Amino acid sequence: MATPNYGYEKRQRELAKKKKKEEKLRAKAAGKPHDDSDGSEAPSEQTPESGQDAAPGGEGQG
């Protein structure tokens with residue numbers, strides 16, 4: 001059985017990542033809104049605790 005070529009696989013992943021990044025930059029430069037299906041660029045939705053710590057008279061205190 002042949003051994004897996006991890007270097008080749010890694011290079012392919014890097015090329016795919018680079019291509020995706022370039023496409024995003026091109027779309028941004030053209031003024032087109034890009035569609036992120038992974039939702040990684042929405043930190044306000046993924047951090048609900050950001051406003052809870054600063055709330056005066058929060059529940060569970062005291």
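Numbers here simply count residues along the sequence, with the first being 1. Just so it is clear, the values below take in all heavy atoms, side chains as well, and ignore hydrogens, waters and symmetry mates. Model, not experiment: these values are computed from the prediction.
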**Message:** Distance check, rounded to the nearest 0.5 Å: Q12 atom CD versus N5 atom CG?
**Reply:** 10.0 Å

**Request:** Please tell me if the side chains of K24 and K28 come closer than 4.5 Å, counting only heavy atoms from C-beta onward.
**Result:** no

**Asked** Considering residues at least two apart in sequence or located in another chain, which fulfil the side-chain contact (heavy atoms from CB on, under 4.5 Å) criterion with K10?
**Response** R13, E14

